Amino acid sequence: MNREYLLGEEKLHKAIFVLTLPATLSALSTVIYNIIDTIFIGKYVGDVGIAAISIYLPIQMIISASTLLFASGIGSFISRQIGAKHYDKAEESIGTLFAFITTLAIILCILGVSFPKQIVELFSAEGSIIPYATNYARMMFIGTLFFPLCLASNNVMRAEGSANYSMYGTVISIVSNIILDYIFIVLLRWGVTGAGLATTLSKFINFLYIVYYFKFKAMLKIRTRYIRYNIDMLKKAIPIGFSTFLNQLTGSISIVLLNNVLYSLGSTESVAIYGIVYKLTSLIQRSAGGFSRGSQPLIGYNFGAKNFKRIKDAVKFSAIISTSICLIATIIMIILSKDFVAMFTNDLSLINNCSHVLRITLLASPLLGVYFLSIAFYRAIGYAKQSIILSMLRRIIFFIPMLYILPYVFNLGVLGVWIALPLSNLIASLVAICFLIKDSKFTKKIKLYK
């Protein structure tokens, strides 16, 4: 399928599904990696292993945030340049992206492999969890040589309308991770070290696929003359990518603070519970975020092409579909909460406690589709200020105050932590809906963005 035809002229519902399905799977890939690792670790290591993997979550989010700071903004720039038929500028931006991401990957790998124990302790690892978290992190940090490049490449693929190729690479790496987890954890009994090694090798396989894509399949090529530190290009990209960066970074900060509060109010089991709950609720959140990012190239392309009616229709249709997806997934997960939790552990007490927490945290999840869509909308049209404000709502402006007010001021204890999660989602989503309605109104007022 012609990629420009897909973005600019294909029937809207078909174009959105073609773009969003691979983008959603790609967004889910990190969660799926963690879920696979956690299932194997929960069955063959136990609660302390789950808690150790949970400690690495905010570290992984910071790595993603640092990558998306460059990749998300440049991806938006690429879509708009393709829409305006400025192909040289689009390829120049890809060269800049890979120059910075390669440097970032090398720095992160060196730091992580050199100081894994100090880093996991900085991120709230305590007591018996420290050696497990250190071994897992050491293996995962080796994978940072490939993970940022894979994540950045997926943004480029989606930006040029090749989300299906991104999906193929993701599927290959996920299948590889499952096979390697079985070998390293079940057969060889390498525990959390095996889980980290399996994920790292699967990311390397994904990287090899990306090399193949840019060599033989890409519309835009990585040209040697463009691989350089173009600061002017970066100044244009970073304000747009900053909202994605903040979304990931604030998520990381909130998890670190949440783990500290859980340690002070609860126990290692509370940290393990949140590790499981986070992964399950992330299936919905990443689906919503991936769907919205899949719509972003279409919005950005048509903004560059000045096709404002198609933008308006895309926002309306995406809002309906993403909300429906979140609602259906929430209902299924609430009804089958114990079955979902039982995938991770055989401990009946942990299953009962965790399933109760899961049901609480899911209460506002149906609204997250529109929340993430609003961020993607502003990012696609180059409105950095609005996307940054919205990105900060859930995990900084609303969640962090609630994290301390509900448990300590209202004396709700650990229950206050669990209530803070859906309550912050609810308020942030309502504010985001107001932003989107005010600025697009789903009418011809979208032309204000000319």
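What you see is a predicted model, and the numbers here were worked out from it, not measured in a lab.
- For the ring-ring contact (aromatic ring centres under 6.0 Å, His included) with Phe70, the qualifying choice from Phe245, Phe100, Phe242 is Phe100, the only one to do so.
- By the neighbour-count criterion of 12 heavy atoms within 6.0 Å, atom OH of Tyr263 is densely surrounded, having more than that number from other residues, nucleotides or ligands.
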Do Leu362 and Ile284 pass the side-chain contact (heavy atoms from CB on, under 4.5 Å) test, and can you show the C-alpha distance, the side-chain angles, and the key distance before you say yes or no? CA-CA 9 Å; Leu362 284 169; Ile284 297 175; 3.6 Å; yes

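- Contact of the Thr250 side chain with the Arg394 side chain is not registered, since no non-hydrogen atoms from C-beta on lie closer than 4.5 Å.
- More than 12 heavy atoms of other shown residues, nucleotides or ligands fall within 6.0 angstrom of atom CZ in Phe317.
- Under the 6.0 Å cut-off for aromatic ring centres, Tyr44 and Tyr182 do not qualify, their centroids lying 6.0 Å or more apart.
- Here the closest non-hydrogen pair linking Ser374 and Leu390 is OG-CD1, 3.5 Å.
- Considering CG of Leu97 and CE of Met233, their distance stands at 10.5 Å, rounded to 0.5 Å.
- The backbone N or O of Leu197 lies less than 3.5 Å from no partner atom in the side chain of Thr200, so there is not a single donor-acceptor pair.
- Here the shortest heavy-atom pairing between Ser282 and Leu28 reads O-CD2, 4.3 Å.
- Of all the heavy atoms in Leu220 and Ala90, the pair that sits closest is CD1-CB, 3.8 Å.
- Here the options are Arg225, Arg228, Lys221, the test is salt bridge (Lys or Arg N to Asp or Glu O under 4.0 Å), and the partner is Glu92; only Arg228 passes.
- Here the straight-line distance linking atom OG of Ser322 with atom CG of Leu373 works out to 5.5 Å at 0.5 Å rounding.
- When side chains are defined from C-beta on, Ile253 counts as touching Ile400, because their heavy atoms get closer than 4.5 Å.
- Between the CG atom of Leu368 and the CG atom of Asn425 there is a distance of 4.5 Å, given to the nearest 0.5 Å.
- Closest approach of Ile16 to Ser295, counting heavy atoms only: CG2-OG, 4.3 Å.
- For Tyr278 and Thr38, the side-chain atoms include no donor-acceptor pair closer than 3.5 Å.
- The two residues Ile129 and Ala51 come nearest to each other via the heavy atoms CD1-CB, 3.6 Å.
- Note that CD1 of Ile78 is 9.5 Å distant from CD of Glu91, once rounded to the nearest 0.5 Å.
- Under the 3.5 Å distance criterion, the side-chain polar atoms of Thr20 are left unmatched by any main-chain donor or acceptor of Gly294.
- Taking the side chain as every heavy atom from C-beta outward, Ser173 and Phe146 never approach each other to under 4.5 Å.
- Annotation: side chain of Phe207 is not in contact with side chain of Leu145 (no heavy-atom distance under 4.5 Å).
- In this model, no donor atom of one side chain and acceptor atom of the other lie less than 3.5 Å apart for Thr281 and Thr361.
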Begin from the C-alpha positions of Thr199 and Met139 and carry the test side-chain contact (heavy atoms from CB on, under 4.5 Å) through to its verdict. CA-CA 8 Å; Thr199 301; Met139 289 294 102; over 6 Å; no

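- Residues Leu367 and Thr323 fail the side-chain proximity criterion, which asks for heavy atoms closer than 4.5 Å.
- In terms of modelled atom types and a separation under 3.5 Å, the side chain of Ser355 and the main chain of Asn352 share a donor-acceptor contact.
- Cation-pi geometry between Arg395 and Phe399 is met: under 6.0 angstrom from the ring centre, within 45 degrees of the axis.
- Residue Ile50 comes nearest to Ile41 through the heavy atom pair N-CG2, 3.7 Å, listed as atom of the first residue, atom of the second, then distance.
- Counting heavy atoms from C-beta outward, Phe123 and Tyr56 have side chains that stay 4.5 Å or more apart.
- The shortest side-chain heavy-atom distance between Ile59 and Val120 falls under the 4.5 Å cut-off.
- Heavy atoms of other residues, nucleotides or ligands lying less than 6.0 angstrom from CZ of Phe410 number 12 at most.
- For Lys43, the NZ atom sits in a packed shell: over 12 heavy atoms of surrounding residues, nucleotides or ligands are nearer than 6.0 Å.
- Atom OH of Tyr132 sits in a sparse spot, with 12 or fewer heavy atoms from other residues, nucleotides or ligands closer than 6.0 Å.
- Distance alone, capped at 3.5 Å, places no donor-acceptor pair between the Thr144 side chain and the Met140 backbone.
- Put simply, the side chain of Ser424 gets close to the backbone of Leu421: a donor and an acceptor are under 3.5 Å apart.
- Lys203 forms a cation-pi arrangement with Phe147, by the criterion of a distance under 6.0 Å to the ring centre and an angle within 45° of the ring axis.
- For the atom pair Tyr408 OH and Ser264 OG, the distance stands at 3.0 Å (nearest 0.5 Å).
- The CG atom of Asp181 sits 11.0 Å away from atom CG of Leu187, with the distance rounded to the nearest 0.5 Å.
- The aromatic rings of Tyr212 and Phe216 lie tilted to each other, with the angle between the two planes from 30° to 60°.
- Evaluated for a side-chain contact (heavy atoms from CB on, under 4.5 Å) with Ile328, the options Ile325, Ile332, Thr330, Ile331 yield exactly one hit, Ile332.
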Start with the C-alpha distance between Asn177 and Asp37, add both sets of side-chain angles, then the distance that settles side-chain contact (heavy atoms from CB on, under 4.5 Å), and finish with yes or no. CA-CA 9 Å; Asn177 196 31; Asp37 285 350; 4.0 Å; yes

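- Considering only heavy atoms from C-beta on, Leu412 comes within 4.5 Å of Ile419 through its side chain.
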May I have the step-by-step check of side-chain contact (heavy atoms from CB on, under 4.5 Å) for Met157 and Asn154, ending in yes or no? CA-CA 5 Å; Met157 291 179 190; Asn154 286 335; 4.1 Å; yes

